[in-house]
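Presented below is the structure to which this report refers.
Residues: numbered from 1 along the sequence shown. What you see below is based on every heavy atom in this structure, not just the backbone, and it leaves out hydrogens, waters and symmetry mates. Remember, predicted model here, so these are calculated numbers, not experimental data.
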Amino acid sequence: LLLLLLLLLRLPLLLHRPFGVVIGGIKVKDKIKVLHSLLHKADVICIGGRMAFTFLAAEGVAVGRTQIEEEWLEVCGVVHSTAHSTAPST
């Protein structure tokens, strides 16, 4: 995680457009700060892994019996809304 944060600090120097990010895993709480910092930098963010189901559930998509992080539903909804309303800065 420290390496990723160091990379993010240098990101504007390394950035070539279009810039896409693929992030995934189990827990939203472990990646939410990184996702939030990328909202204004990335052209596309693709969320995978089990955490994707928490984002889908936040948007009202039925995810069946898949485990989601209910305590992060509201935050995921805000991140999703922000992502759709914010164009990356160039």
Partners meeting side-chain hydrogen bond (donor to acceptor under 3.5 Å, both in side chains) with Glu74 (sequence neighbours left out):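 In terms of side-chain hydrogen bond (donor to acceptor under 3.5 Å, both in side chains), with neighbours along the sequence ignored, Glu74 is linked to no residue.
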ILVMFWY cluster membership beyond Val44 - transitive side-chain contacts under 4.5 angstrom: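 Taking Ile, Leu, Val, Met, Phe, Trp and Tyr as members, Val44 stands alone, with no cluster partners.
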Connected via hydrophobic side-chain network under 4.5 Å: Ile32 and Ile68: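 Ile32 does not cluster with Ile68.
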Within 6.0 angstrom of Glu70 CD, more than 12 heavy atoms from elsewhere: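 No - once you tally the heavy atoms of other residues, nucleotides and ligands closer than 6.0 Å, there are 12 at most.
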Heavy-atom pair of closest approach, residues His40 and His36: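 Scanning both residues, the minimum pair turns out to be CD2-O, 4.4 Å.
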Minimum heavy-atom distance between Lys41 and Phe19, given as atom pair plus value: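 Minimum heavy-atom contact is O-CD2, 3.6 Å.
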From Leu39 atom CG to Ile45 atom CD1, the distance as rounded to the nearest 0.5 Å: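 Between atom CG of Leu39 and atom CD1 of Ile45 there are 5.0 Å.
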Using distance only, find each side-chain donor-acceptor pair of residues 50-65 under 3.5 Å and give its atom names and separation, not counting sequence neighbours.
residue	atom	partner	partner atom	Å
Arg50	NH1	Gln67	OE1	3.0
Thr54	OG1	Glu69	N	3.1
Glu59	OE1	His80	ND1	3.3
Glu59	OE2	His80	ND1	3.1

Val28 and Cys76: CA distance, side-chain angles, deciding distance, side-chain contact (heavy atoms from CB on, under 4.5 Å) verdict: CA-CA 8 Å; Val28 172; Cys76 289; 3.8 Å; yes
Side chain to side chain, Leu35 and Ile47, heavy atoms closer than 4.5 Å: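 In contact.
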